[in-house]
Amino acid sequence: MKFIVDNNVGKLAKWLRMMGYDTLFFDGSDDWEMIMTALAEGRVILTRDTQIMKRGVVTSGRLKAILIKSDEPEQQMRQVVETLKLDCQSGLFTICLECNQPLKESSKQQVRDRVPPYVFQTQNQYVECPACHRIYWRGTHWQAMTKTLEKFRGGS
Ligand SMILES: [Zn+2]
């Protein structure tokens with residue numbers, strides 16, 4: 001499942017990428033442009049804009065869009081997770097949070113000079129973004145994010 005997130009619910013983009021969902025952030029002002037992108041790439045629209053929900057492509061079911069109810073980001077995310085039964089666990093850290101590119105595994109030697117020494121000492125698994133070359137590893141940052149994502153799981 002792929003998404004396009006309207007700028008009125010922008011915070012969702014990072015969380016969805018964190019969970020491994022290919023997610024575009026739409027920062028334009030022309031709704032039609034967002035709708036065309038969603039149709040062309042098979043993306044689900046997440047928005048707070050009721051006008052989008054009234055468009056023919058949406059009411060006819062050709063395009064899937066979810067109207068986000070809350071103005072509070074955590075509630076918004078919970079709504080999306082529950083409505084679409086999203087997987088909050090298995091896709092963790094497969095997509096770059098900054099550029100939405102699939103991450104690739106890197107060996108310890110490849111990242112040697114690019115991570116802090118204490119990280120290099122203690123971590124053995126790394127993934128890297130082929131676009132921005134940001135490196136991700138497990139550890140405290142990862143644990144904090146896992147904890148964040150747990151909050152979005154329904155019923156737990
Ligand atoms: Zn990146």
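Quick caveat, the model's predicted, so the values are computed rather than measured. All values below come from the heavy atoms of this structure, side chains included, with hydrogens, waters and symmetry mates left out. Residue numbers run from 1 in the order of the sequence given.
At a threshold of 4.5 Å between side-chain heavy atoms, the hydrophobic network of Ile, Leu, Val, Met, Phe, Trp and Tyr places Met19 and Ile66 in one connected group. Under the 4.5 Å side-chain heavy-atom criterion for grouping Ile, Leu, Val, Met, Phe, Trp and Tyr, Trp137 is not connected to Leu103 through any hydrophobic cluster. Hydrophobic cluster membership is shared by Leu63 and Met36, with clusters built from Ile, Leu, Val, Met, Phe, Trp and Tyr side chains linked at under 4.5 angstrom. Note: the hydrophobic cluster containing Trp142 does not contain Val115 (ILVMFWY, side chain heavy atoms under 4.5 Å, direct or indirect links). Residues Met34 and Val44 fall into different hydrophobic clusters, defined by Ile, Leu, Val, Met, Phe, Trp and Tyr side chains chained together at heavy-atom separations under 4.5 Å.
Glu74 has its side chain out of reach of Thr148: every pair of non-hydrogen atoms, C-beta onward, lies at least 4.5 Å apart. Under the 4.5 Å side-chain criterion, counting only non-hydrogen atoms from C-beta, Arg48 is in contact with Gln76. No side-chain heavy atom of Leu149 sits less than 4.5 Å from a side-chain heavy atom of Gln89. For the pair Ile68 and Val80, the minimum side-chain heavy-atom distance is below 4.5 Å. Using a 4.5 Å heavy-atom threshold, the side chains of Phe152 and Gln79 count as separate.
Of the residues Val81, Leu24, Ile95, Leu86, the one that meets the side-chain contact (heavy atoms from CB on, under 4.5 Å) test with Leu16 is Leu86.
Between the Asp87 side chain and the Ser90 main chain, a donor and an acceptor come within less than 3.5 Å of each other. With hydrogens and angles ignored, the 3.5 Å screen pairs no side-chain donor or acceptor of Glu41 with any backbone N or O of Ala38. In this structure a side-chain-to-backbone donor-acceptor pair under 3.5 Å is present from Arg78 to Lys151. Lys85 contributes a side-chain N or O that, together with a main-chain N or O of Glu82, makes up a donor-acceptor pair within less than 3.5 Å.
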Let's go through Leu92 and Met145 carefully: what are the C-alpha distance in whole Å and the side-chain angles of both, what is the deciding distance for side chain to side chain contact (heavy atoms under 4.5 Å, CB included) to 0.1 Å, and is it a yes or a no? CA-CA 9 Å; Leu92 218 62; Met145 290 192 184; 5.9 Å; no
Could you go through the side chain to side chain contact (heavy atoms under 4.5 Å, CB included) check for Ile4 and Leu46 one step at a time? CA-CA 6 Å; Ile4 186 162; Leu46 304 178; over 6 Å; no
Begin with the C-alpha distance, continue with both residues' side-chain angles, and end with the deciding distance and a verdict on side chain to side chain contact (heavy atoms under 4.5 Å, CB included) for Val127 and Arg138. CA-CA 9 Å; Val127 283; Arg138 288 182 183 267; over 6 Å; no
Which is it for Ile45 and Phe26 under the side chain to side chain contact (heavy atoms under 4.5 Å, CB included) test, yes or no, and what are the steps along the way? CA-CA 10 Å; Ile45 291 181; Phe26 181 74; over 6 Å; no
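Nearest heavy atoms, Pro130 versus Pro102: CD-O, 3.2 Å. Nearest heavy-atom pair, Asn100 versus Thr23, reported as atom, atom and distance to 0.1 Å: OD1-N, 2.9 Å. Considering all non-hydrogen atoms of both residues, Val9 and Val5 come closest at O-CG1, 3.2 Å. Nearest approach of Ser106 to Val111, heavy atoms of both residues: CB-CG1, 3.8 Å. Scanning both residues, Ile52 and Asp6, for their nearest heavy atoms gives CD1-OD2, 3.9 Å. Minimum interatomic distance between Gln101 and Ala131 (heavy atoms only, all atoms of both residues): CG-CB, 3.6 Å.
Atom SG of Cys96 sits about 3.0 Å away from atom OH of Tyr136, to the nearest 0.5 Å. Atom CE of Met77 and atom OG of Ser70 lie 13.0 Å apart (nearest 0.5 Å). Here the straight-line distance linking atom CZ of Arg43 with atom OG1 of Thr37 works out to 8.5 Å at 0.5 Å rounding. Between the CD atom of Gln123 and the CD1 atom of Ile135 there is a distance of 12.5 Å, given to the nearest 0.5 Å.
Other residues, nucleotides and ligands contribute only 12 or fewer heavy atoms inside 6.0 Å of the CD atom of Gln125.
Using the six-membered ring where Trp is involved, Tyr21 and Phe3 have ring planes that are perpendicular, over 60° apart on the 30 and 60° scheme.
Evaluation of the salt bridge (Lys or Arg N to Asp or Glu O under 4.0 Å) test over residues 94-116, restricted to residues two or more places apart or in two chains, returns Lys14-Glu98, Glu98-Arg134, Arg114-Glu128.
Between Arg17 and Asp22 no salt bridge is recorded (no basic side-chain N to carboxylate O distance below 4.0 Å).
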